[in-house]
Amino acid sequence: MKVDRLDHLVLTVKEITATCEFYNRVLGMEVITFGEGRKALQFGKQKINLHEAGKEFEPKAKHPIPGSADLCLITEVSLDDVIGHLVSCQIPIEDGPVSRTGAMGPITSIYIRDPDENLIEIANEIK
């Protein structure tokens with residue numbers, strides 16, 4: 001067997017509406033509704049399904065809790081423009097820009113936190 005790509009992951013959150021607003025306004029992800037009213041954040045060819053803490057869908061992670069994720073998102077937008085956007089959205093930058101290693105090679109990253117205090121890394125690939 002060989003895995004081709006990540007289709008989706010699940011993020012357990014305190015409050016789905018606040019999470020949707022943040023990821024749409026700050027990160028430009030599209031909020032979609034699927035199934036029986038479930039919410040997800042779609043971007044590129046991936047999505048993040050949302051579970052509200054205490055109301056998770058089965059099957060689920062063994063110990064799902066808000067604030068335990070650490071995600072790295074790649075953007076083609078320059079980090080200078082990303083930083084300007086984050087400042088305009090009043091989102092504090094926790095760290096960066098710093099050099100890191102991504103899945104496909106070197107990246108330059110900045111770090112922010114979402115409403116549940118998950119660590120969100122926003123990066124540019126170094127070409």
*Flag yes if more than 12 heavy atoms outside E117 fall under 6.0 Å of its CD atom; otherwise flag no.*
no
*When you check the gap from the basic side-chain N to the acidic O, do K127 and E76 get nearer than 4.0 Å?*
yes
*Measure the spacing between CG of L11 and OG of S68 and express it to the nearest 0.5 Å.*
7.5 Å
*Measure across P66 and D116 and return the closest heavy-atom pair with its distance rounded to 0.1 Å.*
CB-OD1, 3.7 Å
*Quick one: does E52's side chain have a donor or acceptor within less than 3.5 Å of a partner on K55's backbone?*
no
*Among the clusters formed by ILVMFWY side chains lying less than 4.5 Å apart, do I107 and I120 turn up in the same one?*
no
*Kindly compute the distance separating CZ (F22) from CZ (R113), expressed to the nearest 0.5 Å.*
11.0 Å
*Would I112 and E94 count as a side chain to side chain contact (heavy atoms under 4.5 Å, CB included) if you check the C-alpha gap in whole Å, the side-chain angles of each, and the deciding distance to 0.1 Å?*
CA-CA 5 Å; I112 63 172; E94 188 128 329; 5.9 Å; no
*Starting from the C-alpha separation in whole Å, work towards a yes-or-no answer on side chain to side chain contact (heavy atoms under 4.5 Å, CB included) for Y111 and V98.*
CA-CA 9 Å; Y111 294 84; V98 294; 3.8 Å; yes
*Step by step, work out the side chain to side chain contact (heavy atoms under 4.5 Å, CB included) result for L71 and I48.*
CA-CA 11 Å; L71 307 175; I48 301 172; 4.2 Å; yes
*Between N24 and M29, which heavy-atom pair has the shortest distance, and what is it?*
ND2-O, 2.9 Å
*Can you tell me how far CG of D114 sits from OH of Y23, rounded to the nearest 0.5 angstrom?*
3.5 Å
